[in-house]
Protein chains: 2
Amino acid sequence: MSRTPLHPTREQIELPMVLDCLSDPIRLAIVYQLAQQERVSSELCCGDFSGLGGKSNLAYHFAKLRECGLMQTRVAGTNRFMRLRREDLEARFPGLLDAVLSSAARDADRLPLVSGCELVEGDRK
Amino acid sequence: MSRTPLHPTREQIELPMVLDCLSDPIRLAIVYQLAQQERVSSELCCGDFSGLGGKSNLAYHFAKLRECGLMQTRVAGTNRFMRLRREDLEARFPGLLDAVLSSAARDADRLPLVSGCELVEGDRK
DNA sequence: CCAATAGTTCAATAAACCTTGAACATGGGG
DNA sequence: CCCCATGTTCAAGGTTTATTGAACTATTGG
């Protein structure tokens, strides 16, 4: 089994793929939630997004986010921790991620809600 | 026949739709070319994009760009003149269009080429 | 060792998408 | 007035997409 999932290199990140990835409301919400959480911890695991859909559907969206270079996944035991590839995105397309995130923030009420997901981080081994 | 095609109001412009629209290489090239040309004249007509595909395919992409609020179309005789809705986009999602355009500029070589389209504007009635 | 947990993978389905060509509408120039 | 140029609309195709549930793998804790 792929111990470490495939990620594109920085140079392999393609603009149309990134935009396409961000154009899906669920994936946009994932990225948005990941960005919101960055001040607390830079990582979240799959289960933290359960408010956005079923497990297998989320796994599908996670894969797309990984393949287009937006997210990185780290395997730790039975968990997968994911974080935004901010530095790579910024190097490749300066200002783009921030512009999308602040645009999403303006329309946060139109994003799929994260339903009761308390998001009380703080301790995670 | 729709004398003036439908355009969404500023408030109706949706982020996922805009990103989805820009994620297609042909549409991204259309928007990019429109932006490039802005210093000369803020409008181009359909035929100016013939390097990017067949007429009916382009009409399809123009419609999508219109429906998502990226472009506006003005009918003049037998021509349709189109321009970017910069002000509306900027009001709705500040910085987004510029970030996408400068990202596209970095990868201009990966955009569909505008093949021999000389782009010698200057006079257009 | 067993059971529960966390995620992925697979197959199937329905919807949306891009592309093409043919038919159509409309306005301008000889 | 007729024809040509400019675009749009329509139907058809083939491809990709999102979503679901069931089966599967792997790790942790008792």
Side-chain angles (χ1 to χ4, degrees), chain A residues 1-7 14 16-31 34 43-68 71-83 111-112 117 124-125, chain B residues 1-7 14 16-31 34 43-68 70-83 111-112 117 123-125:
Chain A
M1 207 99 308
S2 55
R3 311 271 65 239
T4 9
L6 291 172
H7 297 84
E14 300 272 2
M17 280 189 175
V18 169
L19 296 176
D20 185 44
C21 235
L22 293 170
S23 75
D24 181 278
I26 292 187
R27 289 192 294 261
L28 184 58
I30 291 171
V31 168
L34 224 25
E43 298 180 313
L44 283 180
C45 72
C46 304
D48 294 324
F49 301 92
S50 57
L52 294 172
K55 285 203 302 179
S56 68
N57 191 16
L58 287 180
Y60 165 76
H61 288 301
F62 292 149
K64 298 220 94 172
L65 286 163
R66 233 182 289 121
E67 287 160 15
C68 87
M71 281 187 359
Q72 203 180 19
T73 303
R74 179 177 65 89
V75 180
T78 173
N79 292 306
R80 266 83 170 163
F81 289 97
M82 20 213 17
R83 52 166 247 269
L111 287 180
C117 177
R124 195 182 287 283
K125 57 173 160 315
Chain B
M1 208 97 306
S2 54
R3 312 271 66 238
T4 7
L6 291 171
H7 297 85
E14 300 271 3
M17 280 188 174
V18 169
L19 296 176
D20 185 43
C21 234
L22 293 169
S23 75
D24 181 278
I26 293 187
R27 290 193 293 261
L28 184 57
I30 291 172
V31 168
L34 225 24
E43 298 181 312
L44 284 180
C45 73
C46 304
D48 294 324
F49 302 93
S50 58
L52 295 172
K55 286 202 300 181
S56 67
N57 192 16
L58 287 180
Y60 165 75
H61 289 299
F62 291 149
K64 298 220 93 174
L65 286 164
R66 233 181 289 121
E67 287 160 15
C68 85
L70 273 164
M71 281 187 358
Q72 204 181 20
T73 302
R74 178 177 65 89
V75 179
T78 174
N79 292 305
R80 265 84 169 164
F81 289 98
M82 21 213 17
R83 53 168 246 268
L111 287 179
C117 177
D123 52 346
R124 194 183 288 283
K125 57 178 160 313

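All chains are named by letter (A, B, ...) in the order of the sequence lines, taking the proteins before the strands, and each is independently numbered beginning at 1.
Atom pair A:L19:CG and C:dC17:P shows a separation of 16 Å (rounding to whole Å applied). In this structure, CG of A:D24 is placed 18 Å from P of D:dT16, rounded to the nearest angstrom. Put simply, CZ on B:F81 is 11 Å from C1' on D:dT6, counting in whole angstrom units. Going from atom CZ of B:R66 over to atom C1' of D:dG7 covers 10 Å, rounded to whole Å. Here the P atom of nucleotide D:dG7 and the CZ atom of B:R74 are 12 Å apart, to the nearest Å. Here the P atom of nucleotide C:dT9 and the CG atom of A:N57 are 15 Å apart, to the nearest Å. Whole-Å rounding puts the B:Y60 OH to C:dG21 C1' distance at 16 Å. The distance between atom CG of A:L58 and atom C1' of D:dG21, rounded to the nearest whole Å, is 15 Å.
Each of D:dT20, C:dT26, C:dA22 was ranked by its minimum atom distance to the side chain of B:S56; first place goes to C:dA22. Here D:dA18 is the nucleotide among D:dA18, D:dT8, C:dA6 with the atom lying nearest to any side-chain atom of A:H61. When the nucleotides D:dG7, C:dC18, C:dT9 are ranked by their closest atom to the side chain of B:K55, D:dG7 comes out on top. In this structure, the nucleotide among C:dC18, D:dT8, D:dA18 sitting nearest to the side chain of B:A59 is D:dT8. Minimum atom distance to the side chain of B:C46 is reached by D:dG7, of the listed C:dT8, C:dT19, D:dG7. Distances from the side chain of B:K64 to the nucleotides D:dA18, D:dT9, C:dC17 place C:dC17 closest.
Position along DNA chain D of the nearest nucleotide to B:T78 versus A:T78 favours B:T78 as the more 5'-ward residue. Mapping A:D20 and A:A76 onto DNA chain D by nearest heavy atom places A:D20 closer to the 5' end of the strand.
Within 4.0 Å of A:I26, counting heavy atoms only, lie sugar-phosphate atoms of the nucleic acid but no base atom. Counting non-hydrogen atoms under 4.0 angstrom, A:G54 reaches nothing in the nucleic acid.
Close to C:dG27, at under 4.0 Å from its OP1 or OP2, lies no side-chain N or O of B:N79. Applying the 4.0 Å criterion to OP1 and OP2 of C:dT26, one finds that B:R80 has every side-chain N and O outside that range.
With sequence neighbours excluded, the residues that form a side chain to side chain donor-acceptor pair (under 3.5 Å) with B:E14 are A:R110.
Side-chain contact between A:L65 and A:M82 is absent, with no heavy-atom pair separated by less than 4.5 Å.
A:L28 approaches A:L22 most closely through the heavy-atom pair CB-O, 3.6 Å. Between A:D24 and A:I26, the shortest heavy-atom distance links the atoms OD1-N, 2.9 Å.
Between the side chain of A:R27 and the backbone N or O of A:C21 there is at least one donor-acceptor pair closer than 3.5 Å.
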